[in-house]
Protein chains: 2
Amino acid sequence: MSRSTPTRQRILDTALTSFGTTGVDGTSLDALARELGIRKQSILYYYPSKTELFRAVVDYAADSFIAELDAIVLDPQTEANDLGDVWAQVEGTVRVVFRLALRRPELLGMLREASRPGSDVAVQLTGRLSNHIQVAHHSLEIALKEGRVVGDDAQLLLFSLYSTIMGVATEVEVLRAMGIEPSLRSLTERRAELLRFLRAALLPAGR
Amino acid sequence: MSRSTPTRQRILDTALTSFGTTGVDGTSLDALARELGIRKQSILYYYPSKTELFRAVVDYAADSFIAELDAIVLDPQTEANDLGDVWAQVEGTVRVVFRLALRRPELLGMLREASRPGSDVAVQLTGRLSNHIQVAHHSLEIALKEGRVVGDDAQLLLFSLYSTIMGVATEVEVLRAMGIEPSLRSLTERRAELLRFLRAALLPAGR
DNA sequence: GACGGTTTCTACCAATTGGTAGAGACCGGC
DNA sequence: GCCGGTCTCTACCAATTGGTAGAAACCGTC
């Protein structure tokens with residue numbers, strides 16, 4: 001448990017950015033070190049191998065994501081209805097994810113990278129998120145039973161929600177291909193339409 | 001325009017599979033050649049460089065995807081309502097994508113790979129799909145105007161649909177993390193819930 | 001000012017990467 | 001049986017990969 005915060009942390013940050021944008025395979029330790037202004041061996045001092053570094057970055061990314069989620073979704077003002085207003089939780093999550101898409105896109109990229117099909121760190125990533133997943137699952141299930149939300153299966157519904165939100169937030173290339181250049185304004189519009197879309201999908205006909 | 005169909009095609013097929021599962025960076029020409037039972041130089045004879053091969057594979061994947069789409073979505077029985085029943089088109093697309101998820105997951109993986117943020121083949125991929133995108137956009141816009149579908153912006157709505165469908169079909173690791181092991185049965189259930197989800201999101205309250 | 005621990009470095013290394021040069025094998029036509 | 005094109009090979013290559021070994025610099029403590 002060494003107390004060498006600065007370098008170790010800088011490595012983690014830079015690696016997160018690089019892994020999240022260029023991909024793990026697309027990032028060499030040498031390039032990473034160059035970017036940091038140090039030698040590759042200094043990286044290997046803190047993280048004995050590249051895969052070890054990757055694992056650390058995955059944890060770091062997961063924790064950062066959780067921190068952002070907790071700060072907004074479970075913020076003090078929603079204290080009373082912690083498993084209450086599901087729609088408020090969805091709205092909050094969308095807000096968080098889109099704020100990340102704007103300000104820390106590499107974090108979302110990293111999550112996407114870690115959850116690639118066949119990835120062996122996927123278990124690790126989602127294990128760290130399992131708490132949040134279970135909470136969401138639980139409150140969604142209750143809302144389903146009480147008829148406040150429309151759907152058949154809470155788990156699959158949650159999965160659909162996740163896919164939609166993450167997809168709309170991160171599939172920038174597809175968006176670009178459709179003629180929409182990513183920008184602050186287009187991002188806001190995208191979020192608005194997504195919220196409307198999810199609202200229509202989730203809430204009963206009476207709204 | 002050489003007539004050396006077999007080898008050239010075999011390379012394309014194997015590369016599509018490998019790129020779609022292991023990723024481009026994760027696939028070396030040597031490994032590819034080994035898998036094919038030939039030497040790397042034979043690959044480089046047909047495709048002068050790895051990026052050239054990648055580009056060819058992207059086109060191949062796009063064309064395969066289009067072929068699958070056309071065979072089902074625009075099949076003869078829907079001749080009359082080519083820009084008619086939008087929901088039927090959505091349903092058909094979902095059916096196609098999920099059939100691919102089961103029978104040719106590497107094709108979906110390849111599409112995902114090619115549309116990674118920052119990918120420079122994304123333009124190429126989506127350029128090839130632009131026809132279908134425009135058609136979908138158009139019929140969605142008409143349905144919006146006529147009130148047969150709920151939404152604000154046809155383009156963003158289409159984007160949301162795409163994200164949801166592709167996400168639900170390909171995010172197997174997230175699914176696994178939620179305790180659902182991918183299988184034929186879970187795939188069918190996922191599709192059913194997705195269709196219900198999309199139906200609720202798209203169609204007006206009266207259904 | 002010598003000490004042990006932490007940190008960062010130089011110096012290598014074997015293996016793998018994408019790619020080049022060019023020889024030979026295979027093939028139908030003459 | 002030889003020729004020209006198509007194809008696949010052997011033989012290399014320079015550069016880069018992740019990683020090891022171990023020397024120095026740096027640090028506060030005694």
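Computed from heavy atoms alone, side chains included, the values below leave out hydrogens, waters and symmetry copies. Below, chain A is the first sequence line, B the second, and so on; all start at residue 1.
Atom pair Tyr47(A):OH and dT20(D):C1' shows a separation of 20 Å (rounding to whole Å applied). In this structure, the CZ atom of Arg10(A) is 9 Å from the P atom of dT8(C), given to the nearest Å. Here dT7(C) presents its P atom at 11 Å from CD1 of Ile11(A), a figure rounded to the nearest Å. The distance between atom CZ of Arg8(A) and atom P of dT6(C), rounded to the nearest whole Å, is 12 Å. Rounded to an integer number of Å, the gap from NZ of Lys40(B) to C1' of dA11(D) is 12 Å. Between the P atom of dG19(C) and the CG atom of Leu53(B) lies a distance of 10 Å, rounded to the nearest Å. Here the C1' atom of nucleotide dT17(D) and the CG atom of Asp25(A) are 12 Å apart, to the nearest Å. Separating the CD1 atom of Ile38(A) from the C1' atom of dT7(C) is a distance of 11 Å, rounded to the nearest angstrom.
Between Glu91(A) and Arg199(A) no salt bridge is recorded (no basic side-chain N to carboxylate O distance below 4.0 Å). A salt bridge links Arg112(A) to Glu171(A): one of the charged nitrogens lies within less than 4.0 Å of a carboxylate oxygen. With salt bridges taken as basic N to acidic carboxylate O contacts below 4.0 Å, none links Lys145(B) and Glu141(B).
You'll find that the side chain of Gln41(B) is closest to dC9(D), out of dC9(D), dT8(C), dC12(C). Proximity note for Ser28(A) (side chain, C-beta onward) versus dG19(D), dG18(D), dG19(C): the nearest is dG18(D). Taking only side-chain atoms of Ser42(B), from C-beta outward, the nucleotide of dC9(D), dG18(C), dG19(D) with the closest atom is dC9(D). In the set dT17(C), dT17(D), dG19(D), the nucleotide with an atom closest to the side chain of Asp30(B) is dT17(C). Closest to the side chain of Tyr45(B), out of dT20(C), dT7(C), dC7(D), is dC7(D). Side-chain proximity of Arg39(A) to dT10(C), dG19(D), dT20(C): nearest is dT10(C).
Listed pair Tyr46(B) / dT8(D) meets the phosphate criterion, a side-chain N or O lying under 4.0 Å from OP1 or OP2. A sub-4.0 Å separation between OP1 or OP2 of dT8(C) and a side-chain N or O of Thr7(A) is present.
Contact annotation: side chain of Lys50(B) to base of dG19(C), donor-acceptor pair absent below 3.5 Å.
In this structure, Arg8(B) forms no cation-pi arrangement with Tyr45(B), as its terminal cationic atom is not both closer than 6.0 Å to the ring centre and no more than 45° off the ring axis.
Within the 4.0 angstrom heavy-atom criterion, only backbone atoms of the sugar-phosphate kind lie near Leu29(A); the bases stay farther away. Across all strands, Thr51(B) comes closer than 4.0 Å to no nucleic acid atom at all (heavy-atom distances).
Checking Tyr60(B) against Gln9(B) by side-chain atom types alone, a donor-acceptor pair falls below 3.5 Å.
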